[in-house]
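As structure tokens, the structure follows; a few thoughts come after it.
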Amino acid sequence: MEKFVVEGGARLQGQVRISGAKNASLALMPATLLAPGTYRLTNTPNLRDVRTMAQLLGEMGVDCQLHPDGTCIIDSRTVTSFEAPYEQVKKMRASFYVLGPLLARYGYARVSLPGGCAWGPRPVDLHLKGLEKLGADIRLERGYVVAKASKLRGTHIHLDVPSVGATGNLLMAAVLAEGTTVITNAAVEPEIQSLAEMLVAMGAHIEGIGTPTLRIEGVSELHPADVTTIPDRIEAGTFLVAAAMTRGTVQLVDVDPSLLTAVLAKLEEAGCQLETGTDTITITMEDAPRPTDITTAPYPGFPTDMQAQWTAFMTLAPGTSRITDTIFHDRFKHVPELVRLGADIQVVDNTAIVNGGTPLMGAKVMSTDLRASAALILAALVAENTSEILRIYHIDRGYERIEEKLQALGARIQRVATDEF
Ligand code: EPZ
């Protein structure tokens, strides 16, 4: 096992390159199941979750080669298994993305129901109802979804909530269905837009990309395509908050500011100075932040994946801030750990009420899920004395070499081996 040891107090200064988007790669990689051939996915981030997806596809007979420069070469000509076993899916909910493409191309899939992150149950009912509407026979057998379809047929699917995963799975199923599929109340997250663009590059007919209404004309077959992964807007937001918390000046490069409008607006509201270029964002913060409330919402609203990081930020704002998560009502596992660092936070229903302004004190804390771990690192960067963050395998799921990127900005953070769990 490993932990981070963080000495608080360093101001972050300098430049950091943002990696490709985890949640784009995790959709683009299974899309290669839809057409046999060789694909070149550039700017793929070197993350634990990406390696997990490569391993899952590998066990299905798909050859995935991840190169250090971020190029991922995928050869899907020899798919030999149409199953996603519990051992893989329990590690990563996004494994469920293989369901749609397997069903569309092979007419059969046996995929374990996801385990996913630590907080709350995360259903997949919208995925399954949508696939049934497309004509699939869906059965639940001992923790597995067994899906069969001789041919999927186009239909109208309305999503009760704009689910990112359900939109991705149903898009990948509909592109090879007979006839027209219309998905209304679809997710418009950039990662889903990039999946739709890859499918179009593969020969799919999709209209309305980037809007909540997607119209898909099914085709009989698709062909491979090469794709460049979009920058990770959540990694970018995380580094922006890190710079703001340490009152530093940091320039993000290889980033797309247009994917972060809600976060940039809230950073300005909190008192940060921001300067954006085509693929850069420079942030400067000289004082404590102003208390700034946020409420998460589907894109382009404030992302739930930035909620924990914002909670850490508001512990520095003298006064009261209210942080409400409307997407995942119980995504507050980071709060008790922030309280161990001296924060004054109460969670009432799906709102964290932060009374900020009291300095944080270093302590030993434990990661519970990916974004909670990020929040703990941010808090440790400003806490007095030393903090230790355990179970950092959570952070490695979604951040590429985070301690190296932070060290390059002046943070005093070390990854050390530990037998503590
Ligand atoms: C994606 O998860 C992301 N993961 C999550 O990022 C992100 O937090 C989430 O979207 C919301 O933006 C990937 O892209 C791999 P949803 P997903 O389906 O698709 C409900 C991270 O930190 N829902 O959009 O699982 C669900 O309970 C991860 O990178 C149903 O009710 O999220 C939730 O309340 C964490 N039925 C809401 O929709 C369903 O069938 C949004 O979930 C599916 C979802």
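Values below: every heavy atom of this structure, side chains too, minus hydrogens, waters and symmetry copies. Just follow the structure's listing: the first ligand is 1, and inside any ligand the first atom is 1.
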Q) Hey, does Glu189 come in under 3.5 Å of ligand 1, counting only N/O atoms on both sides? A) no
Q: Mind checking whether His127 contacts ligand 1 via backbone (N, CA, C, O), side chain (CB onward), both or neither, at a 4.0 Å heavy-atom cut-off?
A: both
Q.
Show the atoms of ligand 1 that are less than 4.0 angstrom away from any heavy atom in Asp125.
A. 30 (C), 31 (O), 36 (N), 39 (C), 40 (O)
**Q.** Phe328 N/O under 3.5 Å from ligand 1 N/O
**A.** no
Q | Side chain, backbone, both or neither: Ile327 near ligand 1, heavy atoms under 4.0 Å | A | both
Q: May I ask you to decide whether Asp254 forms a salt bridge with Arg17, counting only side-chain N to carboxylate O separations under 4.0 Å?
A: yes
Q.
At under 4.0 Å between heavy atoms, is it the side chain or the backbone of Asp305 that contacts ligand 1, or both, or neither?
A. side chain
Q. What distance do Ile216 atom CD1 and Met172 atom CE have between them, rounded to the nearest 0.5 Å?
A. 12.0 Å
Q. Has Arg93 got any heavy atom lying under 4.0 angstrom from an atom of ligand 1?
A. yes
Q.
One residue to check: Leu126. Relative to ligand 1, which of side chain, backbone, both or neither has a non-hydrogen atom less than 4.0 Å away?
A. both
Q | Residues Glu403 and Arg401 bridged, charged N to O under 4.0 Å | A | no
Q) For ligand 1, is any non-hydrogen atom under 4.0 Å from Met92's backbone (N, CA, C, O), its side chain (CB onward), both, or neither? A) neither
Q) Does Met306 have a heavy atom less than 4.0 Å from any atom of ligand 1? A) no
Q) Which bit of Leu370 gets closer than 4.0 Å to ligand 1, counting heavy atoms only: side chain, backbone, both or neither? A) side chain
Q.
Heavy-atom distances under 4.0 Å decide this one: backbone, side chain, both or neither, for Ala166 against ligand 1?
A. neither
Q: Check each of Thr304, Val161, Thr326, Val124 against atom 11 (C) of ligand 1 and report the one with the nearest heavy atom.
A: Thr304
Q: May I have all residue pairs that pass ring-ring contact (aromatic ring centres under 6.0 Å, His included) and include part of residues 29-85, sequence neighbours excluded?
A: Phe82-Tyr106
